[in-house]
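Report on the structure given below.
Chain naming here is simple, since letters A, B, ... match the order of the sequence lines and numbering starts at 1 in each.
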Amino acid sequence: MTDRLFKWEKENEKDVPGEERSSRKPDMSVEIGRIGLKNPLVACSGTFSHGEEHSNFYDISVLGAVTTKSYSLKPRKGNPPPRICETPAGMLNSIGLQNDGIDVFIKSHLAQMKKDGAGIILSIFGKDSEEFKKVALRILDVKADIIAVELNLSCPNVEKDGTSFCAFPEEVKKVVDAVVSMLDIPVIAKLSPNHDNIIQSAEAAKQAGAEAISLINTAVGMAVDVETYRPLLGNITGGLSGPAIKPIALAKTYILARENILPVIGMGGIFDYRDVLEFMIAGASAVGLGTVNLIEYDAGEKILLDLEDYLVKKNINNIRHFTGRIRI
Amino acid sequence: MTDRLFKWEKENEKDVPGEERSSRKPDMSVEIGRIGLKNPLVACSGTFSHGEEHSNFYDISVLGAVTTKSYSLKPRKGNPPPRICETPAGMLNSIGLQNDGIDVFIKSHLAQMKKDGAGIILSIFGKDSEEFKKVALRILDVKADIIAVELNLSCPNVEKDGTSFCAFPEEVKKVVDAVVSMLDIPVIAKLSPNHDNIIQSAEAAKQAGAEAISLINTAVGMAVDVETYRPLLGNITGGLSGPAIKPIALAKTYILARENILPVIGMGGIFDYRDVLEFMIAGASAVGLGTVNLIEYDAGEKILLDLEDYLVKKNINNIRHFTGRIRI
Amino acid sequence: MKILNSEILSNERYGPDIYKMEIFAPHIVKNVGAGQFVNIRCCSPDKRDPLLRRPFSVFDVEKKFNVFSILYRVRGKGTRYMSELKKGDTVNMAGPLGKPVEPVSLKGNLLLIGGGMGIAPLNLISRIAADEGKKVSVLAGFKDSSLLMWERDLMRMGVKYRMFSEDGSWGQQGLVCDHILDEPKVLRDHDIFCCGPVEMLKVLQRELEREDIRATAILEEKMGCGIGVCNGCVVKVKKKDGIDYLRVCREGPAFELSEVIFD
Amino acid sequence: MKILNSEILSNERYGPDIYKMEIFAPHIVKNVGAGQFVNIRCCSPDKRDPLLRRPFSVFDVEKKFNVFSILYRVRGKGTRYMSELKKGDTVNMAGPLGKPVEPVSLKGNLLLIGGGMGIAPLNLISRIAADEGKKVSVLAGFKDSSLLMWERDLMRMGVKYRMFSEDGSWGQQGLVCDHILDEPKVLRDHDIFCCGPVEMLKVLQRELEREDIRATAILEEKMGCGIGVCNGCVVKVKKKDGIDYLRVCREGPAFELSEVIFD
Ligand SMILES: Cc1cc2nc3c(=O)[nH]c(=O)nc-3n(C[C@H](O)[C@H](O)[C@H](O)COP(=O)(O)OP(=O)(O)OC[C@H]3O[C@@H](n4cnc5c(N)ncnc54)[C@H](O)[C@@H]3O)c2cc1C
Ligand SMILES: Cc1cc2nc3c(=O)[nH]c(=O)nc-3n(C[C@H](O)[C@H](O)[C@H](O)COP(=O)(O)OP(=O)(O)OC[C@H]3O[C@@H](n4cnc5c(N)ncnc54)[C@H](O)[C@@H]3O)c2cc1C
Ligand SMILES: Cc1cc2nc3c(=O)[nH]c(=O)nc-3n(C[C@H](O)[C@H](O)[C@H](O)COP(=O)(O)O)c2cc1C
Ligand SMILES: Cc1cc2nc3c(=O)[nH]c(=O)nc-3n(C[C@H](O)[C@H](O)[C@H](O)COP(=O)(O)O)c2cc1C
Ligand code: FES
Ligand code: FES
């Protein structure tokens, strides 16, 4: 895809013949409880909006699924700017769940998403289990259009200093319970790395009927402007994402997946197909692409192709081969 | 310090005249409870051994203090290799507190350290409060030679999955209590980012008589070799350090320092003088240099000079000016 | 749209610490509108430092040669990396991004008010307007004369201009807003576009408000994605029903100056 | 000791993906002993990627010109960065590090057994021994002939050698250890130094053990600091009282082969 001055150089960039991938295309499909995905790549909530922008770069229906921005009952304006700050191999954000509200999503964005053709995981957020329940209620009518609902129990940008539902397993249970009782489609609970109780939270989510755990949301972080003495984020603290947190996310994935409580959708700093394999080997059944979507807009397509190529090269005909394969 | 082929180029590298720093040298001293340091730069435990190697690169007595490797009652062989793995803007280690034991430290390394002339913070580790007490007992005889004892309550490499004392504030209290009851020199409790109870742990440490909190030890992390399916560390998980974790460390420092429980020695990913200022503005009274010592062997000297230059440039005559200055 | 590795045709000093990079990119040249920007990856693909792309306004286009340019100041590691690229190297880039500013000038006359590097997007507006035969005037303020080369570009476009510099080394000594209200009637005759440091925009907003004169401001904000997905680059804007946070990379970068809330 | 920015005198292809870098560094040339290494920072000082330094054995020294060289294979981003440096650029480097191997050869004869890039430190041992008038023999095994240029270097040093390659494209087809015990008596006459992939060292250890022949192995391990402070680079070693973890960068890189535990 090089845009070059000399046209004839373009000619040389054609695929090398004999490298036809399709002839032995590996089986990329995965199952996460009742959720079947055609491949393990899921766009992470908040990094893909509702897919429209990325559709300019590739056919997003190639993805296993797209998770929407987290929607709340009422529209939320989000946090004051600045909301973004780069850190070494990572970034902080304090968006604060700015969104149009679940009704606008259902009325307008959903149609667009259906047209784009990717499987939809609808991420939702509420300030308590009652509000979660109300959001779930709105989804009832359109539940046929979505694969699963993901509960954002772990946004570090709405409560002081990054506290969130998943600090308390009993809260996790209450919220999952509230939603599951309303909606008979699979529910995914999304947990954070900021609390050391992921196993308890996952147990709680399972007891309340969740289908899977998404792991991890961003880690609470901060940066300071040395010249002005001000925090570099309007919300003071924010959520750290990107390659910087990959080792932390992998450890959490490993520690939770090993318990065999629920299947894990692993995420945090995935930037290439090798990162995907690391998460799967550590125990993830599927993976989330987050920050990479902000930087390499066609990452979903590229990583998928790279994964397929790798499997072909290694003569592995099934991506599920990797999940939990870690050799200790 | 360029080693060049042409000698005359060296001539041009002399300091620009008129930049005499000494004439208005700012006051760099800080106080952390009863601990007075001539400047806020402390070498972190485990990244400076006992100072001998770094003495080859600069006069380490310019530092505020040097924290030793954590010493235990008996020598420890540490964890099986590989023990080191690079990650994006960070590194994982699973050294596992390899050390010669407190007796060897006292008998041989201490003399070397005294000769090198830096203030000594002795880091110690025990498997329970009893063992901490025994280590403290050995220190009694040499307590005049050290500024403070730092209790490593937060090593993620000795217990399964990185659990450590500071997961439990009551354990923190017990251990600090055990040591304080033996030793009448200042005690620093070192906490980890892996638990969300730093405020409670700091309270517990204070109640038991600690003088300050060191924050943060490494974050539990992991990496996987995609080709062999093996963890890249012999101990499976390890501790993440370096610039990658700086935003997390800053947030922890801010969240704890704001509570005014005990003075905070902030650390995690500091690589230059601006990082030092970030930590101080966020609330740290002093800071630790860790991973940077492994890469820029003369970081301590360089950062100190840069700090002094910056203060002169900004006409600030006291480094304490920065602590907690954050503008919210 | 695609992320492309486009070829650099030149990357030369334009002033102290300021470079102009010319890039061969038919897809940008064909589609770009005034005010739009490109988003550049400032390290080799296997590196994670710097992580985020860096946005730069399109400074100029040469339709005939399928070439466009950006003008940038070296600030940190991203722009330092860019300044080390050479003719023949490629730059990984997405664009054009942002909403083009409204079809230029109903009034037929354009007034561009710039400060510092804020002249970058104004240059393209000027180019497009001049090509359409519109009358363009420029008022611009600088710290010093480091952007002096721009005068030549403006002369070539046949644009009227008046420069201010804080140190008096270029044009009139002073700030660009100092005399902005000297002739309000003239201002009213123009479509006004402004771009520059927040401090300048604040003063401009206050001054123009007094005479109830409208202007379009081209804003900058730290960006996460540049394509509208992260909601990271918002500015606070007055709306009928209170305030709203709008994305510089999507609803912007051009906003009605009087509606922006700088705080 | 200092971390210095030393000037690169040449950085040229030595084989496919293999480069030889010559560096002007009086302090290294003056102090370096056989087996020692330098630790190189593989990015500009404002970058954090790659974070850790990369260790490279000193390959050769030219005392007269205050120049030493390293031989390296491009494996990842650190070595890729190095391969892009040019004559006249500087490289940020500390050294010499590690313990020099014991004063060479009481027996007067040296046998160097190398595999792949493991020949790098052996080359310096050979140089030092040859300069002292010792007799040096080399046995080395490779995947293919990509290190062919080394033959010329050995010839110039007047060293006896025998090469093996897995694909038969250079010297004899096969592995370097295949015939190692053909003449145990000859082996006993030599001080043996070996360096190469762990698989090779394991076989060598097993074979030499059979005849109770000693050898010095030069080991590699991922390094945190390279100067002995982090305890990151340890290898497992048999000691009278059980096992011990010794640092490659401090107690090593040379160890008694029979004492190393590869597991
Ligand atoms: C829509 C848009 C268009 C832009 N167009 C141009 C352009 O045409 N020419 C141009 O030179 N720049 C332009 N910028 C700014 C440019 O993107 C930044 O200068 C660049 O990202 C700095 O990257 P860096 O890695 O060199 O600096 P960093 O290492 O990221 O930062 C170095 C220092 O510069 C400061 N800094 C970073 N960005 C800005 C900024 N936007 N304004 C002021 N200070 C900043 C940082 O806070 C830091 O102190 C534009 C920005 C936006 C949002
Ligand atoms: C004491 C010592 C002396 C050395 N001397 C030399 C030398 O003279 N010439 C030379 O070419 N190399 C030498 N090495 C190895 C060299 O340090 C590594 O090749 C280099 O660090 C790779 O850096 P990178 O950033 O290019 O690769 P990375 O991006 O770090 O790694 C790329 C890939 O290479 C693998 N890799 C990294 N290091 C090694 C290694 N040591 N062995 C095998 N695979 C590895 C990684 O696992 C990864 O898969 C030496 C190592 C040590 C410890
Ligand atoms: C800009 C941004 C916005 C995000 N918004 C949400 C959100 O609305 N809901 C949510 O559950 N997670 C949100 N996240 C977290 C991501 O979904 C993901 O869990 C996290 O970023 C870790 O993955 P990464 O390192 O690949 O980005 C957001 C992350 C970023 C960077
Ligand atoms: C190789 C290594 C060894 C360490 N060993 C110890 C130790 O023995 N005791 C301790 O309290 N902390 C230890 N630490 C943690 C550091 O002291 C420090 O808290 C942490 O690395 C964060 O700072 P940094 O990011 O600047 O390295 C070690 C860190 C590293 C990288
Ligand atoms: S930068 Fe992401 S929405 Fe504008
Ligand atoms: S690499 Fe740190 S001790 Fe050897």
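Neither the backbone nor the side chain of D:P45 comes within less than 4.5 Å of any heavy atom of chain B. When heavy atoms are compared at a cutoff of 4.5 Å, B:P88 does not approach chain D at all. Proximity to chain B is limited to the side chain of D:N39, based on heavy atoms less than 4.5 angstrom apart. With a threshold of 4.5 angstrom between heavy atoms, B:S94 does not approach chain D through any atom at all. Heavy atoms of D:I243 lying under 4.5 Å from chain B belong to its backbone as well as its side chain. In this structure, chain D has a heavy atom under 4.5 Å from the backbone of B:F48, while its side chain stays farther away. Residue contact with chain D, scored on non-hydrogen atoms closer than 4.5 Å, involves the backbone and the side chain of B:E296 alike. At a 4.5 Å heavy-atom cutoff, the contact between D:M223 and chain B is made by backbone atoms alone.
Counting heavy atoms from C-beta on, the side chains of B:M91 and D:K222 never come closer than 4.5 Å. In this structure, the side chains of B:T47 and D:V229 stay at 4.5 Å or more apart for every pair of heavy atoms. Using a 4.5 Å cut-off on side-chain heavy atoms (C-beta onward), D:I227 and B:H54 make contact. Within the 4.5 Å cutoff, the side chain of D:C230 has heavy atoms near those of the B:I84 side chain. Counting only heavy atoms from C-beta outward, the side chains of B:F271 and D:L51 approach each other to under 4.5 Å.
Between D:G228 and B:S49 the shortest heavy-atom distance is O-OG, 4.5 Å. When all heavy atoms are compared, the tightest approach of B:P81 to D:Y245 is CD-CE2, 3.5 Å.
Between chain D and the residues B:H50, B:E53, B:E52, B:K69, the largest count of heavy-atom pairs under 4.5 Å involves B:E53. Each of D:E221, D:R53, D:K236 has some count of heavy-atom pairs under 4.5 Å with chain B, and the biggest count is that of D:R53.
Atom NZ of D:K238 has more than 12 heavy atoms from other residues, nucleotides or ligands within 6.0 Å. Around NZ of B:K77, the count of heavy atoms belonging to other residues, nucleotides or ligands within 6.0 Å exceeds 12. More than 12 heavy atoms of other residues, nucleotides or ligands lie within 6.0 Å of NZ in D:K202, so this atom counts as buried by the packing criterion.
Going from atom CG of D:N231 over to atom CG of B:N79 covers 11.5 Å, rounded to the nearest 0.5 Å.
Panel note: side chain B:E86, backbone D:P50; no donor-acceptor pair is recorded below 3.5 Å.
Ion pairing of D:R48 with B:D272 is present here, as a side-chain N (NZ or NE/NH1/NH2) and a carboxylate O approach within less than 4.0 Å.
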